[in-house]
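This report refers to the structure that appears directly beneath it.
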Amino acid sequence: MLVQKLTFLLKNSLTIDQLKQIHTPIITNGLSQLETLLARQILLSTSRYSRHIAQYIQRILHHLQNPDASLWSFGVRFFSFHGQFNTAFSLYVQMRRLGLFPSSFALSSSLKSCARMVHGVGGFSVHAQVFKYGFCGSVYVQTAVLDFYSKMGDMRSARKVFDEMPERNVVSWNSVLSGYLKSRNLEEAQRVFDEIPMKDVVSWNSMVSGYARIGNMDQAICLFERMPERNLASWNAVISGYVSCGSMELARSIFDTMPVRNNVSWITMISGYSKCGDVVSARLLFDQLTDKELLAFNAMIACYEQNSQPGEALELFNQMLEPDINIQPDEMTLTSVISSCSLLGYLEFGLWIESYMKKHGIQLDDHLANAFIDLYAKCGNIDKAYKLFRGLRKKDLVAYSAMISGYGVNGKAVDAIKLFEEMVDADIYPNLVTFKGLLTAYNHAGLVEEGYKCFDSMKDQGLLPSADHYGIMVDLLGRAGRLEEAHELIKSMPMQPHAGVWGALLLACRIHNNVDLGEIAARNCFKLQPEKTGYSSLLANIYASVERWDDAGRLRNVVEEKGLSKIPGCSWTESS
DNA sequence: GCACCGCAGA
């Protein structure tokens, strides 16, 4: 019986080969209607499902001798339900090609999938089919259409569908409401909210999170306190509001007082601590979480990666793969892991992830691709990075910035500039990260004047250079021998220069054997990073170059006393 | 079944 087999599958994560043995007889015998019905119940009642079951369902659909519209519709619904929107929609397209009549499930699920994928054309065509197949009177389908436009940010169309609906339920109202909130039209949202004849907890939650999102916590709390009924999402919305305002103490007090917590509450707090750089508090919470699921690991791994602790990120990743935990990573996990590899320059692990993805059927999405572009470019494989870049579905700011800085670190200034121009032509506005990549390109090519022009042009775009940008400029000027100018630039900085900035000047002084400025730079480096001995060695080399052997020797002794030897080939950029 | 709260890329 299929049911037993499926139950078995759910309990044991089977390999593809084991699956093949099971599914072959089913295909030859066909599925009885009863089996199909039971299989649906099992599959929809489970929140845990493996990629194997997903592949299994697809195989059944493609191997059936007589295409079955209700089974295909079920497939669309299944994948949409489990967040596999791409698969859901492609199954819908295939069932249309087979000439099968879509059910209301298939229509609403594929609309949901298009909305989540921000696939406008797909959604429009499904909307057309809603007309064609006469689902204009179905509340569910019409609400899905309305929700599609609402999620796409097209409130005019959403409103039109809503106004023409013969029948509305609370979900239809909530859908319009969330559309206005998403487009930050709080006024219209408030109007809709006041009009809802049967407000439920979702309506209230939407309003609370709408106000929280725009930073109006007073109004959010006011509504929260007036709520006739609260659920977990209500509490979580308030936490998330405080988190995005950076008020971790208030977020924590809500978290501590809420009656029940779920994974969302924990993950919101962990990522909140991550965003304000409090890795220790994030980890403390993570450790207190008894039932750690994939998303908790994702949040914690991302926390390490974003706070420059890539080693810890990889360690946690390895832990989740261990047999006693055994949680399958998804695209988001791997994205953070690849970024960690990039920070470490750990190309081999990136290649391992590539093969892991192939083995487990994980598709390369744009987030993953951008992380890979960065990794390959940083490790010198610029051609592979470029190939990935050209293959992107949507080239956005992040993608361009990754590729530009990839060219930058590989000394390909001309390509970086060309890409920058292409980006501007595509109406994508550069930000601080883009300029960091571009300045790196000028720096590696030694183009001082062009680099300066680029640096100055940032202000015209309303961008204030960060200490990192100053650091690159100091490096550029310094290497060109314009040490005084570099020093003046540091003095003109509106913020505290970090060790990387002074380190760049110190290195330049070493190259050009300038003792006076070298001493100033070194003094600042010692102050900012007393534990790092590389600065002493550099200054010692400067003294040696002008034959001040006593001073050079004194510094070398300091290095040895610290019990640390100079790490050979240590580069400046790593510390910045 | 459709709606509210959480995790990823330069």
Cationic N near anionic O, under 4.0 Å, A:Lys384 to A:Glu354: yes
Plane angle bin for [Y] and [X] - parallel if under 30°, tilted between 30 and 60°, otherwise perpendicular:
X        : Y        : value
A:Tyr407 : A:Tyr386 : tilted
A:Phe89  : A:Tyr92  : parallel
A:Phe78  : A:Phe74  : tilted
A:Tyr470 : A:Phe455 : perpendicular

State whether A:Arg116 places a side-chain N or O below 4.0 Å from either non-bridging phosphate oxygen (OP1 or OP2) of B:dA3. yes
Select base, sugar-phosphate, or nothing to describe what [X] touches, counting heavy atoms under 4.0 Å on all strands.
X        : value
A:Ser265 : nothing
A:Ala233 : base
A:Arg213 : sugar-phosphate
A:Ala144 : nothing
A:Glu305 : sugar-phosphate
A:Lys199 : nothing

Could you please name the option among [options] that lies closest to any side-chain atom of [X]?
X        : options              : answer
A:Gln306 : B:dA8, B:dG6, B:dA10 : B:dA8
A:Ser339 : B:dA10, B:dC2, B:dG6 : B:dA10
A:Tyr140 : B:dC5, B:dG1, B:dC4  : B:dG1
A:Val202 : B:dC5, B:dA10, B:dC4 : B:dC4
A:Lys378 : B:dG6, B:dA10, B:dA3 : B:dA10
A:Leu397 : B:dA10, B:dG6, B:dC2 : B:dA10
A:Arg77  : B:dG6, B:dG1, B:dC4  : B:dG1
A:Lys112 : B:dA3, B:dC7, B:dA10 : B:dA3
A:Val264 : B:dC2, B:dC5, B:dC7  : B:dC5

Less than 3.5 Å between a donor and an acceptor, one on the side chain of [X] and one on the base of [N], is that the case here?
X        : N     : result
A:Ser80  : B:dG1 : no
A:Asn205 : B:dA3 : no
A:Ser175 : B:dA3 : no

